[in-house]
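Data block below; observations after.
Values reported hereafter were calculated over all heavy atoms of this structure, with side chains retained and with hydrogens, waters and symmetry mates removed.
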Amino acid sequence: MTELDILLPFGLPPAELAGDLLKSLDSPSLAVLASRTKSEDARHEVIDEFRRALPHEAWMASRFGLEDGLKRHGCPPLASPLMAAMQLSPEPGTWFVLQPVHIHIARDHLVLTDPRQLALQEEESRTLFAIAAPLFAEAGKRLLYGDAATWFVEAEDWRELATSTPDAACGHNIDIWMPKGERERDWRKVQNDVQMHWFDHAINEAREARRQKPVNSVWLWGGPSGPGHGKTRHYDKVFNLSGSLQAFHTFVPAHGDAADATGLLSSASARNMLLLEALLEPALTNDWGTWLTNMKHLEENWFAPLLQALKSGKIDRVTLIATHDSRISRFTATRSSLRKFWVKPSFAPLCP
């Protein structure tokens with residue numbers, strides 16, 4: 001028996017735009033998968049829009065045994081498993097993820113820009129890391145380099161800080177999502193020191209000359225994290241986990257990448273999970289034209305062939321977990337549920 005869970009961040013349209021977006025959406029297979037479902041498995045949940053992790057991030061944390069850290073600190077404790085996924089072997093301690101970011105000034109508040117937009121190069125990142133490391137060392141904190149977009153900091157006395165994922169915070173007033181807790185002033189001091197040292201650095205001057213956003217701050221999240229946390233009995237294999245979510249590779253027997261449904265089905269195990277992130281970045285930047293374009297590509301490469309595989313019996317169950325910034329919905333389709341010929345395919349279930 002082959003089962004597949006598909007996690008689709010921002011697969012649900014925002015309520016205020018749902019009517020217009022769904023009228024323009026060309027994805028008939030998605031309409032079938034969302035409509036002809038097992039009635040007992042159609043679930044919808046409203047999430048606090050000020051939560052420190054997006055619904056799909058919280059779902060992943062709960063699904064993979066990190067719910068305790070999520071409930072206590074609001075943010076999935078991904079630092080240690082992410083280090084393991086990146087084949088780093090740090091000394092034991094309380095670790096956080098630290099990301100170089102751009103924060104811009106709005107009319108009366110500060111806003112975090114989606115870190116993906118920085119496209120930070122390895123040489124740039126290592127230079128900025130070399131500047132930041134001694135500033136953290138002065139505060140008794142140790143930095144570890146992961147890759148151009150991802151660093152780590154060991155900070156035992158920050159373990160009670162509540163932090164937020166960058167995706168939850170970006171595009172918003174950062175005051176709400178900044179680290180909160182007894183040591184938040186210590187964090188803000190180090191953050192401010194880094195900002196001052198990076199402000200007029202030649203790297204940022206060169207980036208601005210190329211019309212790229214300067215790297216002017218750091219974002220703390222993903223902790224407190226230590227070894228020995230996380231597990232799952234739900235999946236034998238996961239597909240297409242990238243960025244910080246590759247941390248979940250450490251909790252499953254196997255993982256891989258697939259460009260389309262054919263590639264996935266050729267290497268699937270019994271219980272599989274697939275992450276489709278193509279809608280995430282356009283949704284975070286309110287680029288709904290690209291959202292529609294990417295949804296069409298998902299229809300062609302994933303939804304249509306998976307629906308056909310379900311009809312033919314190559315796969316036995318497909319569960320779609322679709323989210324927005326404050327909602328999560330689940331739709332389970334089986335070969336038998338697809339026989340509900342009296343149920344007209346519709347996008348209505350995507351906006352309950």
Side-chain angles (χ1 to χ4, degrees), residues 51-53 57-58 60-62 64-101 112 115 125-126 128-147 149-169 174-198 217-231 243-251:
R51 193 169 181 173
R52 289 181 171 270
E57 296 170 326
M60 288 282 289
S62 297
F64 286 82
L66 298 176
E67 57 269 293
D68 288 345
L70 181 70
K71 290 176 181 177
R72 184 173 180 182
H73 298 285
C75 182
L78 294 185
S80 289
L82 183 55
M83 285 189 284
M86 298 175 78
Q87 299 184 337
L88 300 175
S89 300
E91 296 178 6
T94 299
W95 290 89
F96 293 81
V97 182
L98 188 73
Q99 288 190 245
V101 297
L112 177 67
S125 182
R126 288 194 177 276
L128 295 173
F129 179 90
I131 297 170
L135 301 176
F136 276 86
E138 289 176 10
K141 309 294 182 284
R142 181 159 51 99
L143 286 195
L144 180 66
Y145 189 90
D147 61 25
T150 313
W151 309 343
F152 303 92
V153 57
E154 193 277 324
E156 178 65 31
D157 59 346
W158 290 354
R159 65 178 302 107
E160 297 304 322
L161 285 179
T163 62
S164 307
T165 69
D167 283 351
I174 64 171
D175 282 348
I176 300 172
W177 281 273
M178 285 283 282
K180 304 293 184 184
E182 184 180 349
R183 297 284 184 173
E184 64 181 89
R185 288 187 177 181
D186 295 343
W187 152 250
R188 293 201 182 202
K189 182 182 183 304
V190 180
Q191 183 190 36
N192 187 60
D193 288 344
V194 171
Q195 290 172 167
M196 289 191 297
H197 280 75
W198 285 356
S217 192
V218 282
W219 192 260
L220 184 79
W221 70 283
S225 186
H229 300 288
K231 60 183 178 180
S244 62
L245 295 185
Q246 67 182 297
F248 294 102
H249 286 166
T250 61
F251 305 143

How close do [X] and [Y] get, heavy atom to heavy atom, and via which atoms?
X	Y	answer
T250	A84	CG2-CB, 3.8 Å
T165	C75	CG2-SG, 3.7 Å
A149	P100	O-CD, 3.6 Å
G74	R52	O-CB, 3.3 Å
H73	G223	CB-O, 4.2 Å

Quiz item: If only atom types and distance count, is the side chain of T150 paired as donor or acceptor with the main-chain N or O of D147 below 3.5 Å?
Solution: no

Quiz item: If we ignore angles and hydrogens, is there a donor and acceptor under 3.5 Å between the side chains of W219 and S164?
Solution: no

Self-check item: Distance-only polar pair, side chains of T94 and E156, donor-acceptor under 3.5 Å
Solution: yes

From [X] [atom1] over to [Y] [atom2], what is the distance, rounded to the nearest 0.5 angstrom?
X	Y	atom1	atom2	result
K71	S62	NZ	OG	7.0 Å
D167	L245	CG	CG	8.5 Å
M60	L78	CE	CG	8.5 Å
H197	L135	NE2	CG	5.0 Å
Q195	Q191	CD	CD	4.5 Å
L98	T163	CG	OG1	11.0 Å

Quiz item: Does R142 make a cation-pi contact with F136, if we ask for NZ or CZ under 6.0 Å from the ring centre and within 45° of the axis?
Solution: no

Practice problem: Tell me whether the guanidinium CZ or amine NZ of K141 lies under 6.0 angstrom from the six-membered ring centre of W158 and within 45° of its axis. | Solution: yes

Quiz item: Can V153 and L144 be said to form a side chain to side chain contact (heavy atoms under 4.5 Å, CB included), step by step?
Solution: CA-CA 6 Å; V153 57; L144 180 66; over 6 Å; no

Quiz item: When the ring planes of F129 and W151 are compared, do they come out parallel, tilted or perpendicular, using 30° and 60° as the limits?
Solution: perpendicular

Quiz item: For R51, which residues count as a side chain to side chain donor-acceptor pair (under 3.5 Å) partner, sequence neighbours excluded?
Solution: none

Quiz item: Got a sec, which residues hit side chain to side chain donor-acceptor pair (under 3.5 Å) with E160, two or more places apart in sequence or on another chain?
Solution: R72

Practice problem: Under the ring pair (Phe, Tyr, Trp, His ring centres under 6.0 Å) rule, what do F96 and W221 come out as? Steps first, then yes or no, please. | Solution: CA-CA 6 Å; F96 293 81; W221 70 283; over 10 Å; no

Practice problem: Using a strict cut-off of less than 4.0 Å between a Lys/Arg side-chain nitrogen and an Asp/Glu carboxylate oxygen, indicate whether D186 and R183 qualify as a salt bridge. | Solution: yes

